[in-house]
Structures are given as C-alpha cells and as structure tokens.
Amino acid sequence: MRLRFFVACTALSVLICSNKTLAQRDSIRVRIFNGTEQNQPSTEYFDKNFARLNYYVLGRGALTVGIERILADRHAVSVDVGLTYRDFIYELSHDLYGVKNVTVKVGTYLDVAYKFYPNRYHNFDGEFYLSPGVILRNYNIFQDVGYYDGIVTRTQKVDVGYGMREAYLKFGYVTPGRMLDDLIVDYYIGFGVRQVRSEGYNTVDTGFGGAQKIVTTETFKNSLSIYLGLKVGYAF
C-alpha cells in the first residue's frame with residue numbers, strides 16, 4: 001500500500017513540474033490532454049514562421065520574399081532576399097531617371113534583422129516589436145556613351161549603377177489580417193543611416209587631335225533614411 005502511494009505521489013509531482021516547465025517556457029506548442037481520451041490528445045499549435053512580401057520596397061525597384069523565425073519567447077530573426085531593377089525613388093530625387101541609352105541587369109537585395117517582442121510573442125496576434133537590421137542593395141545599370149578617339153566616334157558601355165548599404169532600427173506591429181485566418185500584416189516605421197555607392201564617368205580630352213577617353217568614377221555619400229511600410233504574408 002505504501003509503495004503504491006509513493007509511486008502515485010511521484011507521478012503526480014513529475015506531472016506538476018512538467019506543467020510548470022511548459023508554462024514558464026511559453027512553448028510554441030501547447031498540449032492539452034483529455035482525461036477520458038488519453039491516447040488522442042488535442043493539440044494547439046502556435047505559428048513560429050512568417051513568410052511574407054514587402055510592398056514598401058516595390059517603390060525601390062525590388063521584389064523580395066522573406067521569412068521570420070521565432071526563436072524564443074521574445075526573440076526572432078528575419079531574412080528577406082530578392083532581386084532589384086531600378087530604385088525609382090532614389091533616381092527621381094537625384095535627377096537620374098530618364099537617362100537614355102541604358103541597359104538594366106538584375107541586381108540583388110538582402111535584408112537581415114533581429115526582432116524583439118517586449119510583451120512576449122504569442123502567435124503573431126497583435127504584437128509590438130523592435131528590430132535592428134542591415135540592408136544590402138545593388139543596382140546594375142549600364143549606359144552606352146559615345147566619344148571621339150581622334151579618328152572616329154566610338155561607343156563604350158559604362159557602369160552607371162549604384163549600391164546601398166543601410167543600418168536601421170524599426171518599430172513595428174504584427175496583427176492577423178481580416179480576410180484569411182493565417183494572413184498576417186506587419187506595419188513598421190523606423191530610421192537609419194545609408195551609404196550610397198555611385199558609379200559614373202567623365203569624358204576627358206587626351207590632348208592629341210581632339211581625341212577623348214572615358215574615365216570611370218566611383219563616389220560614396222552617407223545620409224539619414226526613414227522607413228515606413230508594410231509586409232503581408234502567412235504564418236505557419
């Protein structure tokens with residue numbers, strides 16, 4: 001009788017400790033057992049992944065896909081990758097859009113960030129977050145430039161593209177969408193610093209019979225940047 005009582009107490013203690021451990025971890029997976037159906041436990045899953053599109057960067061001439069992975073109660077990492085065409089906002093603001101005789105090749109986009117949820121993550125269900133990160137963008141643009149070599153006029157393809165390196169801090173809010181159950185909307189605003197690398201050229205005289213040559217240039221410029229946008233995707 002004492003042995004049975006000891007075994008029962010031990011099993012009850014183990015069960016209580018296990019429940020406390022799960023509660024403290026705020027586990028992504030919560031198991032709820034029905035006493036009358038021990039072999040068929042009902043299970044509730046918390047989504048740990050968020051795959052999405054970033055609509056803000058479409059204006060930057062980039063098409064990206066990304067995924068966020070929850071690591072623990074308050075911590076997550078996200079990676080967005082994509083392809084670039086032309087940064088329309090940058091070119092319009094610097095009078096670069098509309099340059100003739102250009103060829104555009106696909107560039108690359110990479111955004112890596114850490115996310116911190118102060119109120120603890122819970123299934124992307126109305127959560128604020130803080131996110132520092134970095135962005136690398138590259139735009140491949142080439143222009144056909146004519147020059148006189150002293151005998152005839154020739155054409156040379158010159159790199160007039162640009163690239164951007166950015167470090168930012170964003171404040172955001174993720175919430176379920178209203179149309180579909182697994183649809184998630186991520187609103188964010190932030191600020192950062194941006195370094196722009198611009199390729200260019202100068203046409204200079206060689207001093208021999210009016211001959212010219214193309215001299216390529218590379219410049220760097222730092223500036224502050226502001227971020228405002230949204231991401232839409234699915235949690236799973």
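Values below: every heavy atom of this structure, side chains too, minus hydrogens, waters and symmetry copies.
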Checklist line | OG-OH distance between Ser225 and Tyr90, expressed to the nearest 0.5 angstrom | finding: 13.0 Å

Next item on the list: Taking the side chain as every heavy atom from C-beta outward, state whether Asn222 and Val193 have any atom pair closer than 4.5 Å.
Entry: no

Margin query: Between Phe171 and Phe191, is the side chain to side chain contact (heavy atoms under 4.5 Å, CB included) condition met? List the steps.
Written below: CA-CA 9 Å; Phe171 305 88; Phe191 60 90; 4.0 Å; yes

Item checked: Contact summary for Ser131 and Ala113, nearest pair of heavy atoms -> OG-CB, 3.5 Å

Next item on the list: State the CG-OG1 distance between Leu110 and Thr84, to the nearest 0.5 angstrom.
Entry: 12.0 Å

Notebook entry, point to check: Given Val145 and Thr155, is the side chain to side chain contact (heavy atoms under 4.5 Å, CB included) satisfied, shown in steps?
Noted result: CA-CA 5 Å; Val145 179; Thr155 300; over 6 Å; no

Margin query: Run the side chain to side chain contact (heavy atoms under 4.5 Å, CB included) test on Val134 and Arg165 for me, step by step, so that the C-alpha distance in whole Å, both residues' side-chain angles and the decisive distance to 0.1 Å come before the verdict.
Written below: CA-CA 7 Å; Val134 294; Arg165 296 186 294 180; over 6 Å; no

Checklist line | Point-to-point distance, once rounded to the nearest 0.5 Å, from NE2 of His94 to NZ of Lys221 | finding: 4.5 Å

Item checked: Nearest-0.5 Å distance, CZ of residue Arg52 to CG of residue Asp80 -> 4.5 Å

Note to self: For Val106, is there any backbone N or O sitting under 3.5 Å from a side-chain donor or acceptor partner on Asn140?
What the structure shows: yes

Margin query: Quick check on Tyr85: does its OH atom have over 12 non-hydrogen neighbours (other residues, nucleotides or ligands) under 6.0 Å away?
Written below: no

Notebook entry, point to check: Counting only N and O atoms by type, is there a donor-acceptor contact under 3.5 Å from the side chain of Ser78 to the main-chain atoms of Ile67?
Noted result: no

Notebook entry, point to check: Is it true that atom CG of Leu63 has more than 12 heavy atoms of other residues, nucleotides or ligands lying nearer than 6.0 Å?
Noted result: no

Margin query: Can you tell me how far apart NZ (Lys48) and CD (Glu68) are? Round to the nearest 0.5 Å.
Written below: 12.5 Å

Checklist line | Inter- and intrachain pairs under salt bridge (Lys or Arg N to Asp or Glu O under 4.0 Å), touching residues 147-162, at least two apart | finding: Asp144-Lys157, Asp149-Arg154

Checklist line | Flag side-chain contact, heavy atom, 4.5 Å: Val79 against Asp111 | finding: no

Next item on the list: Indicate, with yes or no, if Tyr168 and Leu130 share a hydrophobic cluster defined by side-chain heavy-atom contacts under 4.5 Å among Ile, Leu, Val, Met, Phe, Trp and Tyr.
Entry: no

Item checked: Inter-residue atom distance Asn119.CG - Phe128.CZ, 0.5 Å rounding -> 8.0 Å

Next item on the list: Compare all side-chain heavy atoms of Tyr188 with those of Leu230 and state whether any distance is below 4.5 angstrom.
Entry: no

Check: How about Arg194: does its CZ atom have over 12 heavy atoms from other parts shown lying under 6.0 Å from it?
Finding: yes

Margin query: Counting the benzene-type ring for Trp, do Tyr173 and Tyr187 have ring centres under 6.0 Å apart?
Written below: no

Checklist line | hydrophobic_cluster_shared for Tyr139 and Phe142, side chain cutoff 4.5 Å | finding: no

Next item on the list: Compute whether any side-chain donor of one residue and acceptor of the other, for Glu166 and Tyr227, lie under 3.5 angstrom apart.
Entry: yes

Next item on the list: Please check if the side chain of Gln212 supplies one atom and the backbone of Tyr148 the other of a donor-acceptor pair under 3.5 Å.
Entry: yes

Next item on the list: Group every Ile, Leu, Val, Met, Phe, Trp and Tyr by side-chain heavy-atom contacts under 4.5 Å, then state whether Leu92 and Val104 land in the same group.
Entry: yes

Next item on the list: Decide side chain to side chain contact (heavy atoms under 4.5 Å, CB included) for Tyr162 and Ile141; before the verdict, give the C-alpha distance in whole Å, the side-chain angles of both, and the deciding distance to 0.1 Å.
Entry: CA-CA 8 Å; Tyr162 46 89; Ile141 306 174; 3.7 Å; yes

Margin query: As a test of understanding, state which of Phe116, Tyr117, Tyr129 forms a ring-ring contact (aromatic ring centres under 6.0 Å, His included) with His75.
Written below: Phe116

Check: Are the side chains of Asp87 and Met164 in touch, meaning some heavy atoms are under 4.5 Å apart?
Finding: yes

Checklist line | Any Leu136 side-chain heavy atom under 4.5 Å of Thr108 side chain | finding: no

Next item on the list: Report yes or no: do Tyr55 and Val65 belong to one cluster of Ile/Leu/Val/Met/Phe/Trp/Tyr joined by side chain heavy-atom distances under 4.5 Å?
Entry: yes

Item checked: Residue pair Val102 / Arg86, side-chain heavy-atom distance below 4.5 Å -> yes

Next item on the list: Using a 4.5 Å cut-off on heavy atoms from C-beta on, say whether the side chain of Val160 contacts that of Tyr201.
Entry: yes

Item checked: Pair Asp186-Lys170, salt bridge (charged side-chain N to carboxylate O under 4.0 Å, His left out): steps then yes or no -> CA-CA 12 Å; Asp186 182 345; Lys170 294 179 181 178; over 6 Å; no

Note to self: Would a single hydrophobic cluster contain both Ile70 and Phe236, if residues Ile, Leu, Val, Met, Phe, Trp and Tyr are joined by side-chain heavy-atom contacts under 4.5 Å?
What the structure shows: no

Notebook entry, point to check: Less than 4.5 Å apart, any side-chain heavy atom of Thr216 and any of Glu199?
Noted result: no

Check: What pair of heavy atoms forms the shortest contact from Ile184 to Ala235, and how long is it?
Finding: CG1-CB, 3.7 Å

